[in-house]
There are 2 protein chains.
Amino acid sequence: MDSNRHIYSCQSGCPVESTLQVISGKWKSVILYHLIKHDATHFGELSRAIRDCSRRMLALQLKELERDGLISKRQFPVIPPKTEYSLTSFGESIEPVILAMESWGNYYNKVNVENGINVEANQ
Amino acid sequence: MDSNRHIYSCQSGCPVESTLQVISGKWKSVILYHLIKHDATHFGELSRAIRDCSRRMLALQLKELERDGLISKRQFPVIPPKTEYSLTSFGESIEPVILAMESWGNYYNKVNVENGINVEANQ
DNA sequence: CGGGATCCTAACCGATACTG
DNA sequence: CAGTATCGGTTAGGATCCCG
């Protein structure tokens with residue numbers, strides 16, 4: 001296990017810490033977002049959709065999301081191999097959080113654009 | 001600048017990445033949560049409320065939240081010194097995200113309790 | 001009380017190479 | 001295509017001390 005070794009002890013059961021325990025991985029919410037929007041369900045698609053996430057990190061985060069029961073994986077024994085990731089019903093329960101993030105992010109981007117700050121890739 | 005040096009490039013302006021740019025610091029959403037709930041507004045109160053966050057990290061995250069315009073600080077020139085943190089109106093706009101996290105965290109805790117998993121501090 | 005400065009280690013995480 | 005393994009630099013972040 002490489003990342004997210006239960007950083008949050010959830011003293012007094014703070015609900016926000018509990019949530020972070022599951023989605024605080026660097027790319028997890030972005031992955032969930034793409035799964036929600038069905039922009040991407042295959043490993044390669046996700047990788048292309050989230051350019052700044054290395055394939056290694058993508059694999060790790062997917063594994064942890066699967067371990068935590070938020071997503072499930074289906075493998076097709078074909079050549080070339082194919083894999084399909086999707087939200088479990090438990091994973092779907094977290095949609096409101098991700099959609100709230102989407103919504104605020106759009107607002108934030110708009111504010112930045114109005115202030116002349118470039119929102120696009122800053123490469 | 002110590003953490004969160006714009007990790008996310010926001011390629012194609014992915015709104016979730018934009019949000020993460022602001023709240024992905026390890027304790028930021030927890031801090032915001034406590035400020036929203038007014039559990040704590042002083043440095044010491046926040047420190048006591050978020051036990052697992054060191055004072056150093058707390059100071060750092062507060063600074064970044066202030067830099068990003070989500071919170072503001074008022075200093076009272078008294079002995080002993082007193083500081084009051086509060087959400088800016090911009091900071092208030094992110095409440096839905098934090099409250100969604102709270103709500104899902106409560107659900108998640110409940111599920112864990114039902115499965116006999118201890119949610120409380122695992123010190 | 002509310003922080004800042006330093007030191008230092010564990011961990012994150014990218015690059016590269018390899019496999020079925 | 002969909003990953004895993006290993007290496008190694010970078011950084012997050014704790015511990016400690018200090019100061020107004």
Side-chain angles (χ1 to χ4, degrees), chain A residues 1-9 11 17 20-21 23-31 34-35 40-67 71-86 121 123, chain B residues 1-9 11 17 20-31 34-35 40-67 71-86 123:
Chain A
M1 214 166 313
D2 200 11
S3 72
N4 194 29
R5 269 130 311 168
H6 287 270
I7 313 159
Y8 302 95
S9 78
Q11 291 246 351
E17 291 190 39
L20 287 175
Q21 221 168 356
I23 61 161
S24 69
K26 192 176 175 188
W27 295 103
K28 290 186 184 170
S29 8
V30 183
I31 294 171
H34 283 287
L35 288 180
T41 65
H42 305 269
F43 188 87
E45 286 174 347
L46 283 167
S47 184
R48 251 170 286 118
I50 317 176
R51 277 268 192 266
D52 294 323
C53 178
S54 68
R55 299 170 66 80
R56 178 184 123 84
M57 278 312 296
L58 182 57
L60 278 169
Q61 304 270 297
L62 283 169
K63 255 175 115 168
E64 294 188 4
L65 285 170
E66 194 187 358
R67 179 201 65 196
I71 67 175
S72 64
K73 168 164 60 164
R74 276 206 321 194
Q75 310 240 35
F76 300 91
V78 296
I79 309 285
K82 192 178 255 189
T83 317
E84 212 170 274
Y85 291 96
S86 56
Q123 33 182 329
Chain B
M1 212 168 313
D2 202 7
S3 71
N4 195 28
R5 269 129 313 167
H6 288 271
I7 314 159
Y8 302 95
S9 77
Q11 291 247 351
E17 290 190 38
L20 286 175
Q21 221 168 355
V22 171
I23 60 161
S24 69
K26 191 177 175 188
W27 295 103
K28 290 186 185 171
S29 12
V30 183
I31 294 171
H34 283 288
L35 288 181
T41 65
H42 303 269
F43 188 87
E45 286 174 347
L46 284 167
S47 184
R48 250 170 286 118
I50 317 174
R51 277 268 191 266
D52 294 321
C53 177
S54 69
R55 300 171 64 79
R56 178 182 123 85
M57 278 314 295
L58 182 56
L60 278 169
Q61 305 271 297
L62 283 169
K63 252 174 112 170
E64 293 187 5
L65 285 171
E66 195 188 356
R67 180 200 65 197
I71 67 176
S72 64
K73 169 164 57 164
R74 276 206 321 194
Q75 311 240 34
F76 300 91
V78 296
I79 308 286
K82 192 177 254 186
T83 316
E84 212 170 273
Y85 292 96
S86 57
Q123 32 179 338

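Residue numbering restarts at 1 for every chain, and letters A, B, ... go by the order of the sequence lines.
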| message | Under the rule for side chain to side chain contact (heavy atoms under 4.5 Å, CB included), what residues qualify as partners of A:E66, not counting sequence neighbours? | response | A:I71, A:K73
| query | Is there a side-chain contact (heavy atoms from CB on, under 4.5 Å) between B:I31 and B:Y85 once you walk through the steps? | reply | CA-CA 10 Å; B:I31 294 171; B:Y85 292 96; over 6 Å; no
| field | A:S47 vs A:C53, side-chain contact (heavy atoms from CB on, under 4.5 Å): CA-CA, chis, key distance, verdict | value | CA-CA 7 Å; A:S47 184; A:C53 178; over 6 Å; no
| task | Taking side chain to side chain contact (heavy atoms under 4.5 Å, CB included) as the test, write out the residues that go with B:T41, two or more places apart. | result | B:E45, B:E84
| task | Could you check how far CG of B:L58 sits from C1' of D:dA15, rounded to whole Å? | result | 16 Å
| remark: Readout for nucleotides 1-8 of chain D: B = base within 4.0 Å of protein heavy atom, S = sugar-phosphate only, - = neither; 5' to 3' it is BBBS-B--
| request: Find the distance A:K26:NZ to D:dG13:P and express it as a whole number of Å. | output: 12 Å
| Between C1' of C:dA10 and CE of B:M57, the distance in whole Å | 15 Å
| request: Answer yes or no: does a side-chain N or O of B:S54 lie under 4.0 Å from OP1 or OP2 of D:dG14? | output: yes
| query | Heavy-atom distance under 4.5 Å between the side chains of B:L20 and A:W27, does that happen here? | reply | no
| task | Give the C-alpha distance, both sets of side-chain angles, the deciding distance and a yes or no for side-chain contact (heavy atoms from CB on, under 4.5 Å) between B:L65 and B:L35. | result | CA-CA 12 Å; B:L65 285 171; B:L35 288 181; 5.9 Å; no
| message | Without decimals, in angstroms, what is the distance between B:Q61 CD and C:dG2 P? | response | 18 Å
